[in-house]
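Residue numbering restarts at 1 for every chain, and letters A, B, ... go by the order of the sequence lines. Keep in mind it's a predicted model, so treat the numbers as computed, not measured.
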Protein chains: 2
Amino acid sequence: MPKFVDPAHRREVIADAVFDIVLSHGFSRVSLRAIAEETGLAIGSIRHYFTTAEGIVRFALETLVERVSSRLEERLEALLPALESGTLSSDEAKARTADFLAELLPLDGVRRRESVVWLAFEEEARTQPDLADVFETSVRGTRALMARTLENMDRRGVLRADLDLELEADSLAALIDGLTLRSTLHPDVLTPDRAKVVLSAHLEGLRG
Amino acid sequence: MPKFVDPAHRREVIADAVFDIVLSHGFSRVSLRAIAEETGLAIGSIRHYFTTAEGIVRFALETLVERVSSRLEERLEALLPALESGTLSSDEAKARTADFLAELLPLDGVRRRESVVWLAFEEEARTQPDLADVFETSVRGTRALMARTLENMDRRGVLRADLDLELEADSLAALIDGLTLRSTLHPDVLTPDRAKVVLSAHLEGLRG
DNA sequence: TCTTTTATAGCACACTCCTGCTACATCGTG
DNA sequence: CACGATGTAGCAGGAGTGTGCTATAAAAGA
């Protein structure tokens, strides 16, 4: 067996196996044996990259957060220049902003998968302090992102004048979380597409 | 040892033990042994009331749903006559409606406990079809409750005329779910009191 | 008093789990 | 060639799990 293996890639493969298991069987079914079966590796091999089972979960969560937040930042960096340039019509700018926030909704397979796993880890982190701090920063981050987005809209003068931006930030963050929760865990009751319509309508309601 | 034991009460005690364990250590720590320690009963005694471990979890969920929904109905039956009577001012009626919907937020110890356990079961139900159907009806129920509440407000003429009530029902349901999620799992980021303020403001925004 | 029902209690078995070790193969390097 | 580093593999132990089964205690009815 070869020696030239990229350890970072191996860890990612293992993290993906964790995601698959969480997705199809739930967090409680994640075990070294399940990961071994999922990846085709032997338990001993996995333990070569992670000394403890706890470490695997921890790493998987960090991987998840990193993927989501980096994709979000990517979209943000594509959005901001377009908005600042001033070449967009008001309607276009609003639609772009809505699309950006909709990035957090489970609108395709990738995001649905991430949403499911995210929720599973979020619940798990409640009683596992080791994981909790990762979410702490993340949840505050989305809250801050909402505030920034609203401030940006406000500077462009597209918001009603009577709005409490801090309040609207909490509201928007909660709405998106709720839309994600419902369309992820109960897609029959609220389809992801419907969730996006609701989000767009909410933003529309903030317009001045 | 006596024979006169109320079996229904025993089952409730066991269900409460399940809630306590979920609350303090997470769903994965629920086991016959843990329940036995929590209740002071022997495993054999518990198994006298529940043949299977799965059945305990199932019963606990049904107990939870029953408690929450019955308390909600209770409040609804107290609210409706007051609204229909027409003796309330518009502001009072709005405040009462907001209070009613806020019943779903973790504003006191009891509701916080229920919210935490609810979320834990909701996540668990995703991969456990046995539990899923219980939520199916429940989630549709809250959605329907939002629609009913909005229709009621609309009949009283306190809503803006341009609203899509079905859309607002989805929006309201998602907002409440999101507020509950955040103020339950991340109370440092969104306090329950703040969640109620956000909810009230949202309802205020629907006013015509 | 004898029998039946209800309740409590716990043993034993077959699982699954993580982890400390050890064994072995492969490759790069001295 | 030989040696150390890297990767793969798996055994064995101790802990934890649900469940079938049996044993015993107490109350109720004959």
What is the distance, to the nearest angstrom, from the [atom1] atom on [X] to the [atom2] atom on [N]?
| X | N | atom1 | atom2 | answer |
| --- | --- | --- | --- | --- |
| A:I21 | C:dC17 | CD1 | C1' | 14 Å |
| A:I14 | D:dG7 | CD1 | P | 11 Å |
| A:F50 | D:dT8 | CZ | P | 13 Å |
| A:I43 | C:dC21 | CD1 | P | 18 Å |
| B:R33 | C:dA9 | CZ | P | 16 Å |
| B:I35 | D:dT19 | CD1 | P | 11 Å |
| A:L41 | C:dA25 | CG | C1' | 16 Å |
| B:I56 | D:dG18 | CD1 | C1' | 10 Å |

Does a side-chain N or O from [X] land closer than 4.0 Å to OP1 or OP2 of [N], or not?
| X | N | answer |
| --- | --- | --- |
| A:Y49 | D:dT8 | yes |
| B:S45 | C:dA9 | yes |
| A:T52 | C:dT19 | yes |

Just how far is it from atom CZ of A:R58 to atom CG of A:D130, taken to the nearest 0.5 Å?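 One gets 5.0 Å once the value is rounded to the nearest 0.5 Å.
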Does the pair B:E103/B:R71 count as a salt bridge with the N-to-O cut at 4.0 Å?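 Yes, charged N to carboxylate O under 4.0 Å.
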Among the nucleotides C:dT19, C:dT6, D:dG18, which one has an atom lying closest to any side-chain atom of B:L32? D:dG18
When you measure from the side chain of B:A53, which nucleotide among C:dA7, D:dG18, C:dA9 comes out closest?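 Shortest atom-to-atom distance from the side chain points to D:dG18.
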Suppose we screen for ring pair (Phe, Tyr, Trp, His ring centres under 6.0 Å). Which residues come up paired with B:F100, at least two apart in sequence or across chains?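 So B:F100 forms no ring pair (Phe, Tyr, Trp, His ring centres under 6.0 Å) with any residue.
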Side chain of B:R47, base of C:dG10: donor and acceptor closer than 3.5 Å? no
Looking at A:R10 and D:dG7, is any side-chain donor or acceptor paired with a base atom of the opposite kind under 3.5 Å?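 Looking at the base of D:dG7, it does not pair with any donor or acceptor on the side chain of A:R10 (distance under 3.5 Å).
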Is the distance between the ring centroids of B:W118 and B:F19 less than 6.0 Å? no
Which residues share a side-chain contact (heavy atoms from CB on, under 4.5 Å) with B:D108, sequence neighbours left out: B:V110, B:R111
Position toward the 5' end of DNA chain C (nearest nucleotide), B:H48 or A:E54: B:H48
